[in-house]
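Okay, structure first, notes after.
Computed from a predicted structure; not experimentally measured.
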There are 2 protein chains.
Amino acid sequence: MTKILIAEDDDHTRDALREVLTMEGYTVIPASDGLQAVDFFRAENPDFVCLDVMMPGLNGYEVCKQIRRQDEKVPILFLTAKAEEIDTVLGLELGADDYMTKPFGVKEIIARIRAILRRTASRGGGRTDDDFTMDDLRIVPTELRAYRDKIELALSPRDVKVLRLLYERRGKVIDRNTLADEVWGVDYFPESRALDQHISQLRKRIEKDPAQPRIIRTVHGAGYRFE
Amino acid sequence: MTKILIAEDDDHTRDALREVLTMEGYTVIPASDGLQAVDFFRAENPDFVCLDVMMPGLNGYEVCKQIRRQDEKVPILFLTAKAEEIDTVLGLELGADDYMTKPFGVKEIIARIRAILRRTASRGGGRTDDDFTMDDLRIVPTELRAYRDKIELALSPRDVKVLRLLYERRGKVIDRNTLADEVWGVDYFPESRALDQHISQLRKRIEKDPAQPRIIRTVHGAGYRFE
DNA sequence: AGCAACTTGTAAGAAAGTTGTAAGCCACCT
DNA sequence: AGGTGGCTTACAACTTTCTTACAAGTTGCT
């Protein structure tokens with residue numbers, strides 16, 4: 001189920017969007033101001049974001065920045081009033097995927113959303129928040145936690161992404177480029193050790209014996225694997 | 001060998017790109033204007049296209065349209081100068097896969113190209129990651145492993161390359177130059193025994209009796225052969 | 001068959017490359 | 001200000017790959 005966060009202060013526009021997108025089979029999370037949008041993003045981890053530029057509190061750009069800080073890849077579509085087109089440029093620099101100027105037609109916005117989702121489908125695609133088990137660890141993405149017996153472990157969104165990727169392709173080797181691309185949203189720069197560092201820290205928390213990892217195994221010269 | 005078409009009117013940028021991409025092992029086809037780009041695309045059928053937006057004659061968008069008329073799938077990366085970012089959106093609607101704004105770092109562009117090629121390689125296209133069988137050995141490239149009955153053997157990426165090459169041209173003799181070129185990516189230095197060493201080590205692992213190899217057979221004075 | 005010349009196999013150690021991780025740094029968030 | 005998380009740096013530990021050296025095998029010639 002694809003979740004779409006709509007941040008739009010005008011009630012009429014927001015309701016119209018909600019209705020039409022719900023009809024299309026999306027799950028809509030409506031937010032009426034920027035702060036709410038950021039909160040809802042954190043809580044719901046949507047697959048797509050529509051942001052009005054002009055909103056009380058936090059404007060669309062600020063919301064975009066906050067979201068991008070958490071998630072490099074989630075597609076963001078800006079909604080702007082006609083006069084604001086210059087600002088669009090700023091929007092694009094923030095990592096937006098597209099923009100639309102009001103007034104827009106219902107069909108148009110659906111088409112855009114579908115197009116963007118199709119384009120970005122290959123990366124990070126079919127997001128599911130279902131629980132899954134790796135070795136003796138139960139991962140609960142919606143809580144950002146994992147459980148071993150009764151012991152509870154905290155996980156970051158990034159931890160969950162890493163683990164889910166390994167879980168989904170268990171048995172296969174995930175090379176560092178793929179991992180970086182899927183989790184960080186950019187291709188891996190070989191001189192950066194950020195990825196190794198992250199794996200190391202994650203192992204410390206989830207592996208019983210981090211020196212003999214059973215969940216995230218190293219495949220030397222190739223990547224990592226879970227099985 | 002992956003061919004990349006570069007359409008860029010600025011000589012300096014074009015040469016820089018050509019150099020760095022050639023270093024990375026790509027074959028670069030440089031074009032200095034839009035018309036040339038379209039011609040070269042038809043003639044060379046490249047695997048990837050980098051398009052400058054602003055070019056004399058045909059601009060990047062026009063080139064993109066022409067290319068898409070011929071080829072729906074070839075990945076296209078747009079290069080744009082800062083001020084042109086609004087146009088970027090239009091570029092994306094033309095079916096571009098990504099865009100970069102100048103000035104961009106050498107590492108960044110390489111990373112993007114790699115990331116896009118990796119992503120597009122997995123859908124459809126000339127997949128070379130399929131499993132295959134040699135004698136009683138089942139090779140599973142995505143797992144970097146081979147199976148004999150229930151026994152599991154670890155393979156390095158290089159092992160897989162060697163085996164796949166022999167498998168694809170079964171019955172034919174693969175001479176050492178070809179093997180070195182395809183697997184190591186450079187011409188073979190006759191005084192180096194690296195290749196022999198690799199074959200020897202690989203046989204130890206995959207052959208039941210390494211002294212009587214059934215998978216990698218030696219053709220004295222010529223090379224190696226499978227079957 | 002016997003021998004010389006050449007090619008290939010392989011053990012062992014050297015070199016190169018990859019990964020793990022502690023410590024410090026920096027930006028952001030209270 | 002202080003805390004936090006993530007990143008970079010730096011170095012240690014580890015693994016693979018290459019070189020060296022010699023053994024063994026093959027070919028062609030007499």
_Steps toward salt bridge (charged side-chain N to carboxylate O under 4.0 Å, His left out) verdict (A/Asp196, A/Arg176)_ = CA-CA 9 Å; A/Asp196 306 62; A/Arg176 308 163 77 83; 2.6 Å; yes
*asked:* For A/Leu79 and A/Thr13: C-alpha separation, side-chain torsions, deciding distance, then whether side-chain contact (heavy atoms from CB on, under 4.5 Å) applies.
replied: CA-CA 11 Å; A/Leu79 312 175; A/Thr13 308; 5.6 Å; no
*Under the side-chain hydrogen bond (donor to acceptor under 3.5 Å, both in side chains) criterion, do B/Ser156 and B/Asp159 qualify, and how do the steps go?*
CA-CA 5 Å; B/Ser156 71; B/Asp159 296 334; 3.1 Å; yes
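Within residues 215-227 of chain A, the residues having any heavy atom under 4.0 Å from DNA chain C are, by residue number, A/Thr218, A/His220, A/Gly221, A/Ala222, A/Tyr224.
In terms of phosphate contacts, A/Lys204 brings a side-chain nitrogen or oxygen within less than 4.0 Å of OP1 or OP2 of C/dA22. Taking side-chain N and O atoms only, B/Ser200 has a distance below 4.0 Å to OP1 or OP2 of C/dT10.
The distance between atom CZ of A/Arg176 and atom P of C/dG17, rounded to the nearest whole Å, is 16 Å. Atoms CG (A/Leu202) and P (C/dG20) sit 12 Å apart, rounded to a whole Å. For the pair B/Trp184 CH2 and C/dG17 P, the computed distance is 16 Å after rounding to whole Å. Distance B/Glu191 CD to C/dC6 P: 16 Å, rounded to the nearest Å. One interatomic measurement links the two molecules: CD of A/Glu62 to C1' of C/dC28, which rounds to 13 Å at whole-angstrom precision. Between A/Gln197 atom CD and C/dA22 atom C1' the separation is 8 Å, expressed in whole Å. Across the protein-nucleic acid pair, A/Lys65 atom NZ and C/dA27 atom P stand 15 Å apart, rounded to whole Å. Atom C1' of nucleotide C/dT21 and atom CD1 of A/Ile199 are separated by 13 Å, given to the nearest angstrom.
Here A/Pro157 pairs with A/Leu144 under the side-chain contact (heavy atoms from CB on, under 4.5 Å) rule; sequence neighbours left out. Partners of B/Gln197 under the side-chain contact (heavy atoms from CB on, under 4.5 Å) rule, at least two apart in sequence or in another chain, are B/Gln201.
In this structure, B/Asp135 does not pair ionically with B/Lys208, as no charged nitrogen and carboxylate oxygen lie closer than 4.0 Å.
A 4.0 Å heavy-atom criterion places the boundary nucleotides of DNA chain D facing chain A at D/dG6 to D/dT16, written 5' to 3'.
When each of A/Ile6, A/Asp47, A/Leu21 is tested with A/Tyr26 by the rule side chain to side chain contact (heavy atoms under 4.5 Å, CB included), just one qualifies, namely A/Leu21. The side chain to side chain contact (heavy atoms under 4.5 Å, CB included) test with B/Val140 is passed by exactly one of B/Leu155, B/Val160, B/Asp131: B/Asp131.
Judged by atom type and distance alone, B/Arg193 reaches the base of C/dG9 through a side-chain donor-acceptor pair under 3.5 Å.
Contact annotation: the side chain of B/Leu137 approaches that of B/Leu153 to within less than 4.5 Å [non-hydrogen atoms, C-beta and beyond].
From one end of the helix from C/dA1-D/dT30 to C/dT30-D/dA1 to the other, with five pairs defining each end axis, the axis direction shifts by 30° (rounded to 10°).
The backbone N or O of A/Ile151 sits nowhere less than 3.5 Å from a side-chain atom of A/Asp149 that would complete a donor-acceptor pair.
Of the listed nucleotides (C/dG20, C/dT8, C/dC28), C/dC28 has the atom at the smallest distance from the side chain of A/Arg69.
Residue pairs meeting the ring pair (Phe, Tyr, Trp, His ring centres under 6.0 Å) criterion with at least one partner in residues 137-164 of chain A, sequence neighbours excluded, are absent.
Looking only at atom types and distance, the side chain of A/Thr178 has no donor-acceptor partner in the side chain of A/Arg169 under 3.5 Å away.
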